[in-house]
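Report on the structure given below.
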Amino acid sequence: MKPTGVTAFIGIGANLGDPAAQVLEACARLARDLPDTRLVARSRLYRNPPMGPQDQPDYVNAVACILTWLAPGDLLTELQRIETLMGRRRDGTRWGARLLDLDILLYGAERISEPGLRIPHPGIAERDFVLFPLRELAPDLEIPDRGTVSQLCRTVSAAGLVAIPEEAHA
Ligand code: ROI
């Protein structure tokens, strides 16, 4: 095992059931159920309209920062296991409503382009629901070839994002 581990960022999204509760439950599972991994921090939760097909409920999104000793492919497998445990069905529908979505946004400074695993996540620089939660955790983080998270936040609007008060879910 590498002594230091790798800092990675996970995008969390849900828009079926009780999305805020699912996002919180997913964070608890990241902290508890991921082998060789520590949850370092998570952002606030943000309600926001769907990107893509509009005939689906609003999403709740957040970003988590983890320190992991898992290789990227193993981390992906573990995240998919949590999605499945929490009721996600992979029916092949792209961009459809889901109980839980866990995406690896960044894995250290690594770039990976394999079927089913692209890091940095290809949507990271355009998605308000990724960039603003990420800015809470790592404003000066460099997205490879794109600039810092703070710089990218200046290129997208946060008008659709509403932070959810935490006490509503205590
Ligand atoms: N839209 C929002 N707002 N949040 C998401 O997490 C999200 N995830 C998706 C698509 C369908 C692209 N739209 C989204 O996969």
Side-chain angles (χ1 to χ4, degrees), residues 1-15 19 22-46 48 51-52 59-88 90 92 94-96 98-156 158 161:
M1 208 185 268
K2 275 185 272 177
T4 50
V6 175
T7 297
F9 291 87
I10 309 299
I12 308 166
N15 75 338
Q22 264 131 240
V23 170
L24 290 176
E25 164 80 12
C27 288
R29 286 180 186 262
L30 292 180
R32 202 181 56 213
D33 297 345
L34 282 182
D36 300 328
T37 301
R38 273 180 238 143
L39 178 66
V40 175
R42 74 157 166 85
S43 71
R44 293 184 291 170
L45 275 49
Y46 292 89
N48 64 109
M51 194 196 94
Y59 278 78
V60 172
N61 287 100
V63 170
C65 177
I66 60 173
L67 180 63
T68 189
W69 283 262
L70 294 173
D74 294 335
L75 177 59
L76 179 66
T77 301
E78 291 294 335
L79 295 177
Q80 289 175 344
R81 196 173 57 82
I82 293 176
E83 288 177 343
T84 303
L85 277 170
M86 288 187 56
R88 166 99 176 247
R90 290 183 179 273
R94 199 166 168 254
W95 286 29
R98 69 273 314 273
L99 280 167
L100 181 66
D101 193 18
L102 295 172
D103 289 327
I104 305 175
L105 301 170
L106 293 157
Y107 180 93
E110 280 197 38
R111 288 171 222 237
I112 299 169
S113 192
E114 290 170 8
L117 184 60
R118 288 173 68 198
I119 301 175
H121 189 281
I124 195 169
E126 291 86 32
R127 296 186 174 183
D128 55 350
F129 58 85
V130 171
L131 287 172
F132 287 91
L134 189 54
R135 189 176 65 174
E136 289 180 20
L137 305 180
D140 300 326
L141 185 71
E142 284 279 343
I143 310 295
D145 300 329
R146 306 305 289 263
T148 67
V149 173
S150 285
Q151 285 167 342
L152 289 167
C153 280
R154 281 181 228 125
T155 70
V156 300
L161 296 174

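For clarity, every value in this text was computed on a predicted model and none was experimentally measured. For this chain, numbers begin at 1 and follow the sequence in order.
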Q | Electrostatic pair R29-E83, nearest N-O below 4.0 angstrom | A | no
Q | Salt bridge R111-D145, side-chain N to carboxylate O under 4.0 Å | A |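 Here R111 pairs with D145 in a salt bridge, since their nearest N and O are under 4.0 Å apart.
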Q) Do the non-hydrogen side-chain atoms of L75 and I66 ever get within less than 4.5 Å of each other? A) yes
Q.
Do H121 and R127 have side chains that approach each other closer than 4.5 Å (heavy atoms only, starting at C-beta)?
A.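 They are in contact (side-chain heavy atoms under 4.5 Å apart), so the answer is yes.
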Can you measure from [atom1] ([X]) to [atom2] ([Y]) and round to the nearest 0.5 angstrom?
| X | Y | atom1 | atom2 | value |
| --- | --- | --- | --- | --- |
| L152 | R135 | CG | CZ | 11.0 Å |
| E78 | D36 | CD | CG | 9.0 Å |
| I10 | L79 | CD1 | CG | 5.0 Å |

Please name the pair of heavy atoms, one in [X] and one in [Y], separated by the smallest distance, quoted to 0.1 Å.
| X | Y | answer |
| --- | --- | --- |
| G5 | L67 | C-CD1, 3.9 Å |
| L30 | A64 | CD1-CB, 3.8 Å |
| A125 | L131 | O-CD1, 3.4 Å |
| V63 | V130 | CG2-O, 3.8 Å |
| N61 | G13 | ND2-CA, 3.4 Å |

Q) Can you check side-chain contact (heavy atoms from CB on, under 4.5 Å) on L34 and L39, steps first, answer last? A) CA-CA 9 Å; L34 282 182; L39 178 66; over 6 Å; no
Examine distances only and state if a side-chain atom of [X] and a backbone atom of [Y] form a donor-acceptor pair shorter than 3.5 Å.
| X | Y | result |
| --- | --- | --- |
| S43 | E136 | no |
| T155 | Q151 | no |
| T37 | P35 | yes |

Q: Flag yes if more than 12 heavy atoms outside R118 fall under 6.0 Å of its CZ atom; otherwise flag no.
A: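 No, because the 6.0 Å sphere around CZ of R118 holds 12 heavy atoms or fewer from other groups.
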(Q) Using side-chain contact (heavy atoms from CB on, under 4.5 Å), reason through L70 and V6 one step at a time and then give a plain yes or no. (A) CA-CA 8 Å; L70 294 173; V6 175; over 6 Å; no
